[in-house]
*Asks:* 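The structure under discussion is supplied below as structure tokens; questions concerning it will follow.
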Protein chains: 2
Amino acid sequence: MRKDSRLSRVLHALIHLDHHGKPATSDDIGKMLGTNPVVVRRTMAALREQGYVSAVKGHNGGWSLARPLSDITLYDIHKALGDSSVFTIGLTDEHNNCPIEHGVNNALRDVMHEAEALLLARFKQVTLANLASEFGQHSV
Amino acid sequence: MRKDSRLSRVLHALIHLDHHGKPATSDDIGKMLGTNPVVVRRTMAALREQGYVSAVKGHNGGWSLARPLSDITLYDIHKALGDSSVFTIGLTDEHNNCPIEHGVNNALRDVMHEAEALLLARFKQVTLANLASEFGQHSV
DNA sequence: TATTAAGTAACAATTATTGTTACATGAAGA
DNA sequence: TCTTCATGTAACAATAATTGTTACTTAATA
């Protein structure tokens with residue numbers, strides 16, 4: 001299935017931002033991520049709206065962290081990107097009131113909720129500073 | 001993201017098959033699931049290849065269970081449909097040997113593996129007979 | 001032999017991210 | 001002030017997967 005790599009991408013960008021010292025332009029970040037500056041703006045916009053980064057226009061402008069990495073968890077970023085379901089597995093629309101269909105969907109939903117809860121709980125435990133330090137590059 | 005509802009669909013179909021008594025045609029099943037007979041054949045083909053169902057052509061033909069529901073788990077069916085990843089979250093291609101990118105991807109991969117393992121472990125615990133009995137319709 | 005139904009190839013529809021072009025807006029510098 | 005830089009958006013093509021559909025072949029049986 002088509003994968004959503006926005007989380008992976010934006011985490012990469014944020015940790016780079018932390019090292020960069022000064023604001024990085026969408027163009028800079030695009031080059032780091034191997035993508036387009038417009039894609040960068042689009043993705044970073046979601047984080048800006050939640051107060052994790054700020055953007056400045058014009059000369060010497062660009063993106064900066066609005067909080068230290070130690071104050072941001074994987075969960076925060078995941079949520080900021082929009083909390084669409086994490087699974088490629090979907091349920092059928094229950095059009096025809098079939099009790100079997102309902103039963104199957106309920107059972108799958110339960111198991112998926114449980115796995116999603118585990119995933120999100122883990123995401124809450126990991127700050128971006130944790131991530132950054134994992135490969136010996138320490139943040140503030 | 002686009003969801004894959006094949007699992008939900010095919011479970012629904014298998015439990016109906018169990019009640020049906022005689023073989024059900026792709027057309028019958030398509031009507032139950034609100035979809036096309038070709039879609040049914042396509043999806044059921046994966047299960048046939050793994051020996052969970054059999055198909056007979058011609059008059060009075062159609063699909064039948066090749067094993068009792070109590071011998072088939074959610075995991076079996078999930079696996080038979082092709083073990084593509086369960087998550088919509090994807091990692092970036094690591095093109096440029098950036099240690100930050102690697103670190104981010106490794107961290108996400110670990111957490112996702114853990115959640116996927118939990119999901120699959122739960123899938124292994126549930127037989128289709130369990131599912132069928134959940135709403136008072138008992139299987140063999 | 002006609003009919004039934006699976007098997008399968010081929011292609012359009014759908015739906016999400018991703019990629020791209022184009023242009024408006026605002027800030028900084030000369 | 002005017003030019004340049006960079007974000008902010010809108011609009012649309014590209015991509016990639018399932019799903020939907022048509023058409024045809026193959027096999028079994030009444």
Side-chain angles (χ1 to χ4, degrees), chain A residues 1-10 12-13 17 20 22-49 53-64 66 78 81-93 95, chain B residues 1-10 12-13 17 20 22-49 53-64 66 78 81-93 95:
Chain A
M1 300 238 36
R2 188 120 182 80
K3 292 304 181 66
D4 179 354
S5 62
R6 288 179 302 162
L7 179 61
S8 171
R9 271 194 162 133
V10 84
H12 184 182
L17 261 192
H20 203 251
K22 56 183 180 180
T25 66
S26 302
D27 217 80
D28 294 338
I29 297 174
K31 272 170 195 148
M32 289 175 201
L33 305 191
T35 186
N36 197 289
V38 178
V39 174
V40 173
R41 288 191 199 110
R42 194 150 53 195
T43 312
M44 295 289 278
L47 304 194
R48 187 193 55 218
E49 285 161 14
V53 295
S54 59
V56 172
K57 288 182 176 181
H59 281 87
N60 302 315
W63 298 91
S64 310
H78 169 70
L81 291 177
D83 44 18
S84 59
S85 163
V86 184
F87 293 103
T88 57
I89 297 176
L91 307 180
T92 56
D93 309 338
H95 8 48
Chain B
M1 298 238 39
R2 188 121 181 80
K3 290 304 180 65
D4 179 354
S5 61
R6 287 178 302 161
L7 179 61
S8 171
R9 272 194 162 133
V10 86
H12 183 182
L17 261 192
H20 202 250
K22 55 183 182 181
T25 66
S26 302
D27 217 78
D28 293 339
I29 298 174
K31 273 168 192 148
M32 290 175 199
L33 305 190
T35 185
N36 198 288
V38 179
V39 174
V40 172
R41 289 192 198 110
R42 195 149 52 194
T43 312
M44 296 290 278
L47 303 194
R48 188 193 54 218
E49 285 161 14
V53 297
S54 59
V56 172
K57 289 182 176 181
H59 281 85
N60 301 316
W63 298 91
S64 310
H78 168 71
L81 291 177
D83 45 19
S84 59
S85 164
V86 184
F87 293 102
T88 56
I89 298 176
L91 306 180
T92 56
D93 309 337
H95 9 49

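Just so you know, these numbers use all the heavy atoms, side chains as well, and skip hydrogens, waters and symmetry mates. Lettering of chains follows the sequences in order, A, B, ..., and the numbering in each one begins at 1.
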*Asks:* Roughly how many Å is it from CH2 in Trp63(B) to P in dA6(C), rounded to a whole number?
*Replies:* 7 Å

*Asks:* Looking at the side chain of Val39(B), which of dT7(D), dT21(D), dT18(C) is the nearest nucleotide?
*Replies:* dT21(D)

*Asks:* What residues form a side-chain contact (heavy atoms from CB on, under 4.5 Å) with Ser64(A), not counting sequence neighbours?
*Replies:*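 side-chain contact (heavy atoms from CB on, under 4.5 Å) list for Ser64(A), sorted by chain: Pro23(A), Ser54(A).
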
*Asks:* Show the nearest heavy-atom pair for residues Met32(A) and His12(A), with the distance to one decimal.
*Replies:*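 Heavy-atom minimum between the residues: O-CE1, 3.9 Å.
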
*Asks:* Can you give one letter per nucleotide of nucleotides 22-30 of chain C, 5' to 3': B if a protein heavy atom sits under 4.0 Å from the base, S if only from the sugar-phosphate, - if neither?
*Replies:* ---BBBBS-

*Asks:* Using whole Å, report how far CG of Leu91(A) lies from C1' of dT18(D).
*Replies:* 15 Å

*Asks:* Measure from CZ on Arg48(A) to C1' on dT7(D) and round the result to the nearest Å.
*Replies:*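 Computing the Arg48(A):CZ to dT7(D):C1' distance gives 8 Å.
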
*Asks:* Figure out the CG/P separation between Leu7(A) and dT18(C), and round it to whole Å.
*Replies:*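 Answer to the nearest Å: 11 Å.
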
*Asks:* For Thr88(B), does its backbone N or O pair with a side-chain atom of Thr88(A) as donor and acceptor, under 3.5 Å?
*Replies:* no

*Asks:* Between dG20(D) and Arg42(B), counting only base atoms on the nucleotide and side-chain atoms on the residue, is there a donor-acceptor pair under 3.5 Å?
*Replies:* yes

*Asks:* Can you tell me how far C1' of dA5(C) sits from NZ of Lys22(B), to the nearest Å?
*Replies:*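 One finds 14 Å between C1' of dA5(C) and NZ of Lys22(B), rounded.
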
*Asks:* Could you go through residues 34-49 of chain B and list every donor-acceptor pair under 3.5 Å that involves a side-chain atom there, pairing it with any protein atom two or more places apart or in another chain?
*Replies:*
from	atom 1	to	atom 2	distance (Å)
Asn36(B)	OD1	Val38(B)	N	3.0
Arg41(B)	NE	Ser26(B)	OG	3.4
Thr43(B)	OG1	Val39(B)	O	2.9

*Asks:* Sequence neighbours left out, what passes side chain to side chain donor-acceptor pair (under 3.5 Å) with Thr25(A)? Give chain and number order.
*Replies:*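 Thr25(A) satisfies side chain to side chain donor-acceptor pair (under 3.5 Å) with Asp28(A) only.
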
*Asks:* Indicate yes or no: at least one non-hydrogen side-chain atom of Asn60(A) is less than 4.5 angstrom from one of Lys22(A).
*Replies:* no

*Asks:* Taking only side-chain nitrogens and oxygens of Ser26(A), does any of them come within less than 4.0 Å of OP1 or OP2 of dT7(D)?
*Replies:*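 Answer yes for this pair, as a side-chain N or O of Ser26(A) is under 4.0 Å from OP1 or OP2.
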
*Asks:* Is any side-chain nitrogen or oxygen of Ser5(B) closer than 4.0 Å to OP1 or OP2 of dT19(D)?
*Replies:* yes

*Asks:* dT7(D) P sits how many Å from Met44(A) CE, rounded?
*Replies:* 9 Å

*Asks:* Any side-chain N or O of Thr25(A) under 4.0 Å from OP1/OP2 of dC5(D)?
*Replies:*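 Answer is no, no contact under 4.0 Å.
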
*Asks:* Tell me the interatomic distance from Asn36(A), atom CG, to dA13(D), atom C1', rounded to whole angstroms.
*Replies:* 13 Å

*Asks:* Starting from the first five and the last five pairs of the helix from dT1(C)-dA30(D) to dA30(C)-dT1(D), work out the angle between the resulting helix axes, to 10 degrees.
*Replies:* 10°

*Asks:* Can you tell me how far P of dA16(C) sits from CD1 of Ile89(B), to the nearest Å?
*Replies:*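 About 17 Å, once rounded to whole Å.
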
*Asks:* With a 4.5 Å cut-off on side-chain heavy atoms, are Thr92(A) and Leu33(B) touching?
*Replies:* no

*Asks:* At under 4.0 Å between heavy atoms, what does Arg6(A) touch on the DNA or RNA strands: base, sugar-phosphate, or nothing?
*Replies:*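 Sugar-phosphate contact only - Arg6(A) comes under 4.0 Å of backbone atoms but never of a base.
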
*Asks:* Taking only residues two or more places apart in sequence, or in another chain, which ones meet Lys31(B) in a salt bridge (charged side-chain N to carboxylate O under 4.0 Å, His left out)?
*Replies:* Asp27(B)

*Asks:* Let me confirm one number: the CZ-CG distance from Arg9(B) to Leu81(B), rounded to the nearest 0.5 Å.
*Replies:*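 Rounded to the nearest 0.5 Å, the CZ-CG separation comes to 12.0 Å.
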
